[in-house]
2 protein chains.
Amino acid sequence: MKNLTKRAFKTELFEEFARIGKALSSGRRLELIELLAQSERTVEELAAETGMSIANASQHLQVLRSARLVDVRRQGTYAWYRLSDEHVLRLWLSLREVGEMQLAEIERIVEDFFKDRKDMEATTCEDLLKHLKTGSVVVLDVRPEQEYSAGHIRGARSIPVNELEARLKEIPKKKTIVAYCRGPYCVLADEAVAILRAKGFNALRFKGGFPDWKARGLPVERAIPP
Amino acid sequence: MKNLTKRAFKTELFEEFARIGKALSSGRRLELIELLAQSERTVEELAAETGMSIANASQHLQVLRSARLVDVRRQGTYAWYRLSDEHVLRLWLSLREVGEMQLAEIERIVEDFFKDRKDMEATTCEDLLKHLKTGSVVVLDVRPEQEYSAGHIRGARSIPVNELEARLKEIPKKKTIVAYCRGPYCVLADEAVAILRAKGFNALRFKGGFPDWKARGLPVERAIPP
DNA sequence: CTGATATTCAAGTATGTGTTTGAATATGTG
DNA sequence: CACATATTCAAACACATACTTGAATATCAG
């Protein structure tokens, strides 16, 4: 009898944990998590950025919500979704790391898509932190401004990549420029570096993204309090 | 066209990561991971410990294997399964942490089962490390010996809980005894502490288990090299 | 109140997953 | 070689999940 209840306990307990696994078992939902790791967003925005129908995005968000990975805040007719806890970001980064380490397919897919990245040097967290301290580089956040406002690397300037060409004069020609965006699978920083180099700047891409930086407990800043 | 391939890239990439999520989406598979976090095991052992049929356990192990979360080593007619990387352990601990933080149901299930735990003090990693350094406690690994051999807290002694009553004379009466087992959902250390206290020892349970200790990079030892 | 908008709900269909059962492999033993 | 054992495979079933469509809510502006 004790064994029976022990089995029931374990089954029930692990089935609960599996709710989180189930929430992570869809590529679409992982994409939503990756976006929400940048800043909170409405259903409409999330649907548009992931190419899903709104009803489908809403449904996926509710799966995430029932696993308590995301929270909603309602304002007027909008529902603003966000990750419910910083542990959720760590969980996603941890999953991403396992994927990068173990699944050869991921490396192949990424290399296929970013054909030019191989010969584009990138900076690590440690490097960047060191350079930031000495003030020897300019760090550029090239994500949309909303995401910058929601949180960015301390000391970084916001120039969204689509405004970059028009705002080149704000950038000092003599310093090294380090551009960052959402993370390793985001093209924004690559585009920014390409533009900057074409104009004669000495530009580098930061390997990670803002969420990676934040999850390591490195210094961040935000325009609007949470 | 660029947008189309960008969408295809993201869909494909996140679908790959979702393979790992899918592997984590079953309570049964999480239970297998929890067991494999202790030491490598055969299909038979895993099936017996989780109460699954052998065919079913084998099938779940193959799901884990195709997501590269576990590896097999074949020896004779036995297949020894183990976690394929230390990152997998971290991923599981990260998922566990999110569950414990976010899912109220988990707390309820655990409290229901461990009714007596409330009034049983437990030691944290930090405490235990401090005590280990000063030698003021005896640390007891009460898991089956095989798991102890595969790796244990440095300085711990192995006395499997089912041998404990017979081996009480090996334990100094005057020191505090800290017992640990597989983790917070394992009963072995609770049982050991109950036995020890009944015999007049001053005994405590360590809150985590060996995997938690190891994942924090704290000092470990192993009898048999990997 | 009416109309517009953002989101959610509900139903339906196609597809995928978990488990059991019994057979098939593959390795080691006498 | 024949046999025992550990594991895997294949088929069949019940059940769950993803996506689409169209309707239902809910909030705000006029």
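Fair warning: this is a prediction, and the values are worked out from it, not measured in the lab. Below, each value reflects all heavy atoms present in this structure, side chains not excepted, and no hydrogens, waters or symmetry copies. Reminder, nothing fancy here: chain letters follow the sequence lines and each chain counts from 1.
- The interatomic distance linking A:Arg74 (CZ) with C:dA6 (P) rounds to 15 Å, in whole Å.
- A donor atom on one side chain and an acceptor atom on the other are found under 3.5 Å apart for B:Arg7 and B:Thr11.
- For B:Gln62, taking side-chain heavy atoms from C-beta onward, the closest of the listed nucleotides D:dT8, C:dT8, D:dT27 is D:dT8.
- Residue A:Arg65 is out of contact with every strand shown, counting any heavy-atom pair closer than 4.0 Å.
- Listed nucleotides D:dC19, D:dT17, C:dT8 differ in distance to A:His60; the shortest reach to its side chain belongs to D:dC19.
- The shortest non-hydrogen separation linking A:Ala37 to A:Pro211 is O-CG, 3.8 Å.
- D:dT7 atom C1' lies 8 Å from atom CD1 of B:Ile54, rounded to whole Å.
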Would you mind writing out the side-chain donor-acceptor pairs for residues 38-49 of chain B within the sub-3.5 Å range, not counting sequence neighbours?
unit_1  : atom_1 : unit_2   : atom_2 : d
B:Gln38 : OE1    : B:Arg143 : NH1    : 2.9
B:Gln38 : NE2    : B:Arg182 : O      : 3.0
B:Ser39 : OG     : B:Arg41  : NH1    : 3.4
B:Glu40 : OE1    : B:Arg73  : NE     : 3.3
B:Glu40 : OE2    : B:Arg73  : NH2    : 2.5
B:Arg41 : NE     : B:Glu49  : OE2    : 2.6
B:Arg41 : NH1    : B:Leu35  : O      : 3.0
B:Arg41 : NH2    : B:Glu49  : OE2    : 3.1
B:Arg41 : NH2    : B:Glu147 : OE2    : 2.3
B:Thr42 : OG1    : B:Glu45  : N      : 3.2
B:Glu45 : OE1    : B:Thr42  : N      : 2.9
B:Glu49 : OE1    : B:Arg182 : NH2    : 3.4

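- The neighbour count for B:Glu221 CD, taken as heavy atoms of other residues, nucleotides or ligands under 6.0 Å away, is above 12.
- A close approach under 4.0 Å does occur between a side-chain nitrogen or oxygen of A:Tyr81 and OP1 or OP2 of C:dT8.
- Listed nucleotides D:dT7, C:dT7, D:dA18 differ in distance to A:Glu44; the shortest reach to its side chain belongs to C:dT7.
- Computed from coordinates, the B:Gln75 CD to D:dA6 C1' distance equals 13 Å when rounded to whole Å.
- Aromatic ring centres of A:Phe17 and B:Tyr185 lie closer together than 6.0 Å.
- Spacing between atom OH of A:Tyr78 and atom P of C:dT7 amounts to 7 Å, rounded to whole angstrom units.
- When the nearest nucleotides of DNA chain D are assigned to B:Glu45 and A:Ser53 by heavy-atom distance, the more 5′-ward of the two goes with B:Glu45.
- Taking only side-chain nitrogens and oxygens, A:Thr77 never comes nearer than 4.0 Å to OP1 or OP2 of C:dT5.
- The distance from atom CG of A:Leu61 to atom P of C:dT8 is 7 Å, rounded to the nearest whole Å.
- A salt bridge does not link B:Arg157 with B:Asp141: none of the charged nitrogens is closer than 4.0 Å to a carboxylate oxygen.
- If you take CE of A:Met52 and P of D:dC19, they are 8 Å apart, rounded to a whole angstrom.
- Rounded to whole Å, the distance from CG on A:Leu64 to P on C:dT7 is 16 Å.
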Any protein N or O atoms within reach of nucleotides 10-14 of chain C? Criterion: under 3.5 Å, listing atom names and distances.
none

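- Nearer the 5' end of DNA chain D, as judged by each residue's closest nucleotide, is the contact made by B:Ser58, out of A:Asn56 and B:Ser58.
- The CZ-P distance, from A:Arg41 to C:dT7, rounds to 13 Å in whole Å.
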For residues 52-61 of chain B, which side-chain donor-acceptor pairs fall under 3.5 Å, sequence neighbours excluded?
unit_1  : atom_1 : unit_2  : atom_2 : d
B:Ser53 : OG     : B:Asn56 : N      : 3.1
B:Ser58 : OG     : B:Gln62 : NE2    : 2.9
B:His60 : ND1    : B:Arg29 : NH1    : 3.1

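- Within 4.0 Å (heavy atoms only), A:Ser25 reaches no atom of the nucleic acid at all.
- Distances from the side chain of B:Ala79 to the nucleotides D:dC19, C:dT8, D:dT8 place D:dT8 closest.
- For A:Phe9 and A:Phe14, the ring centers are positioned 6.0 Å apart or more.
- The side chain of B:Val43 lies closest to D:dT8, out of D:dT8, C:dT7, D:dA18.
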